[in-house]
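Here the structure comes first, spelled out in structure tokens, and everything after it is commentary.
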Amino acid sequence: MTRTISIFGATGSIGDSTLDLIRSDRANWNVVALSANCSAEKLARLAIEFGAQIAVVGDESCLPELREHLSGTSIEAAGGAQALCDVAARPVDITVAAIVGCAGLAPTMAAIEQGNTVALANKESLVSAGHVMMQLVEKHGTTLLPVDSEHNAIFQCLEGNNLDDVRWITLTASGGPLRTKTLAELEATTPAQAIAHPNWDMGAKISVDSATMFNKGLEFIEAFHLFPVGLDRLRIIVHPQSVIHSMVEYRDGSTLAQLGPSDMRVPIASTLAYPARMDTSCKPLDLATIGELTFFAPDEERFPATRLAREAAHAGGAAPAVLNAANEVAVAAFLAGQVKFTHISAIVARTLDNYAPPAPETLDAVLAVDAEARARAGEMLELA
Ligand code: NAD
Ligand code: MG
């Protein structure tokens, strides 16, 4: 039986991996919608290859180019932030939410409202909206499947178990490309060095997040919402080989871990086939060649991001949305050469100190906090 799927952020790294899996299992899938921010040519090419019903660009100014590339086909074209939400509201069996940043929040919420299955890669949306998103998931009976490799690992380790029996959830972190650098070296880091991840091939934003450890900070908050065991049962350990994707320890002393190659097609495949399994062409895990698995405590002196995220999670309310927005602004400024690598966490810390609005209770309120936090973080750039 074929299943229908829409992929938001189809032209990115997660989009590529998802479409690669669909390509190898074409008979079982019917692609409804594909989206990108702009990348009109690539989006049109994918929409044609997969016979999508509709292609959407988030940036409306790219719509004429999309239309041009789709001319002569029966594929619909749409553009703009509202169009992303309208298309996300079209019913499908599974939506892959793989837009980067809080820009993915509104479409992800629209997909959740359908009440089918949402495979969530877009961690920033859950960090920003937190309870507002989880309440919507509950209200509509949506199946929310984590794509993020750590959360996908935890989800698998929790299957068949009871959350009350969990002693610890341990998120593993590779430590990123700068794990062994001194503070002085961190300060001099260029964007090219920061995005050269040793284990994973990812989009630029999450690659910088991995280098600063904000990725793990965002994932800590993401885990708090997905697996409600309480903040004091969540911890982070640095594991440079990225073989163990995360672990759950139970009160009887058993620890379950999920292992696999550093290839996002593995966790994505587990969401596409859930609760069954599907074939992938990923390289099998060769532990004898890897040889050693090592573990270190995070160093929050050189990498304050996990501390800032933990504090924001404890503060609750709007703090995670402020942290996320400030980080998005700071990362974009770093990639544009406007601020130094070490300024990223400083900008986030200052924005959190400077802006503490009440807890947002609706999607619009979350978006308003996000917008204001971006404006304030933008002002901090000049001070950096
Ligand atoms: P990417 O930069 O490679 O792709 C992002 C996608 O989102 C592209 O299709 C882009 O066109 C679209 N997009 C960007 N800005 C947009 C906007 N304003 N409006 C609409 N669409 C927009 O990013 P990625 O690495 O694929 O990451 C996507 C998400 O998945 C992120 O939230 C990331 O944290 C998460 N994630 C990625 C990986 C990975 O291995 N790449 C792993 C775990 C989680
Ligand atoms: Mg991850």
Side-chain angles (χ1 to χ4, degrees), residues 6-20 33-43 46-47 55-63 66 78-85 87-88 96-108 110 119-128 146-155 171-176 195 197 199-210 213-223 226 236 239 242 244-246 258 260-268 271 324 327-328 331-332 335 367 370 374:
S6 289
I7 304 168
F8 290 81
T11 56
S13 162
I14 293 289
D16 284 342
S17 296
T18 307
L19 287 168
D20 188 65
L34 297 177
S35 92
N37 189 36
C38 190
S39 315
E41 192 192 341
K42 179 171 179 179
L43 180 64
L46 292 172
V56 200
V57 279
D59 180 341
E60 209 168 349
S61 71
C62 305
L63 181 55
L66 178 65
Q82 185 55 47
L84 282 175
C85 293
V87 174
V96 178
I99 290 176
V100 60
C102 197
L105 174 57
T108 300
L120 183 75
N122 178 212
K123 66 190 84 183
E124 296 91 347
S125 65
L126 180 54
V127 168
S128 296
V147 167
D148 216 344
S149 56
E150 297 75 5
H151 306 75
N152 188 271
I154 296 162
F155 185 85
L171 292 157
T172 53
S174 70
I195 62 177
H197 199 282
N199 306 343
W200 300 94
D201 180 11
M202 309 180 287
K205 192 266 176 180
I206 183 175
S207 297
V208 175
D209 285 346
S210 297
M213 293 288 283
F214 266 112
N215 184 48
K216 213 50 54 181
L218 298 176
E219 291 183 354
F220 183 87
I221 300 171
E222 184 185 10
L226 289 172
I236 295 168
H239 165 44
S242 302
I244 296 181
H245 296 302
S246 278
Q258 187 263 354
S262 307
D263 186 328
M264 286 305 292
R265 289 177 300 175
V266 177
I268 296 168
T271 66
N324 177 68
N327 181 52
E328 287 193 32
V331 170
L335 287 170
L367 293 172
D370 176 74
R374 276 167 202 275

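Whatever order the structure lists them in is the order used to number ligands and atoms, beginning at 1. In this text, all values refer to a predicted model and were calculated from it rather than measured experimentally. Here, residue 1 is the first one in the sequence, and each next residue gets the next number.
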Going by the rule side chain to side chain contact (heavy atoms under 4.5 Å, CB included), which residues pair with Glu41 if we only count those two or more places apart in sequence or in a different chain? His69
Please enumerate all residues that pass side chain to side chain contact (heavy atoms under 4.5 Å, CB included) together with Asp201, with sequence neighbours excluded. none
How far apart are the closest heavy atoms of [X] and [Y], and which atoms are they?
X	Y	answer
Pro261	Trp200	O-CH2, 4.4 Å
Val127	Glu222	CG2-N, 4.3 Å
Phe8	Leu84	CE2-O, 3.6 Å
Ala55	Leu66	O-CD2, 3.5 Å

Report the C-alpha separation of Asn324 and Lys123 in whole Å, then their side-chain angles, then the decisive distance to 0.1 Å, and conclude whether the side-chain hydrogen bond (donor to acceptor under 3.5 Å, both in side chains) test is met. CA-CA 10 Å; Asn324 177 68; Lys123 66 190 84 183; over 6 Å; no
Near the Mg ion (ligand 2), which protein N/O/S atoms are found at less than 2.8 Å? Asp148 OD1, Glu150 OE1, Glu219 OE2
Considering only heavy atoms from C-beta outward, does the side chain of Met264 approach that of Asp16 to under 4.5 Å? no
Which protein residues come within less than 4.0 angstrom of ligand 1, counting heavy atoms only? Gly9, Ala10, Thr11, Gly12, Ser13, Ile14, Ala36, Asn37, Leu84, Ala98, Ile99, Val100, Ala103, Ala121, Asn122, Lys123, Glu124, Asp148, Met202, Gly203, Ile206, Met264
Could you walk me through whether Ile154 and Leu171 pass side-chain contact (heavy atoms from CB on, under 4.5 Å), step by step? CA-CA 8 Å; Ile154 296 162; Leu171 292 157; 3.7 Å; yes
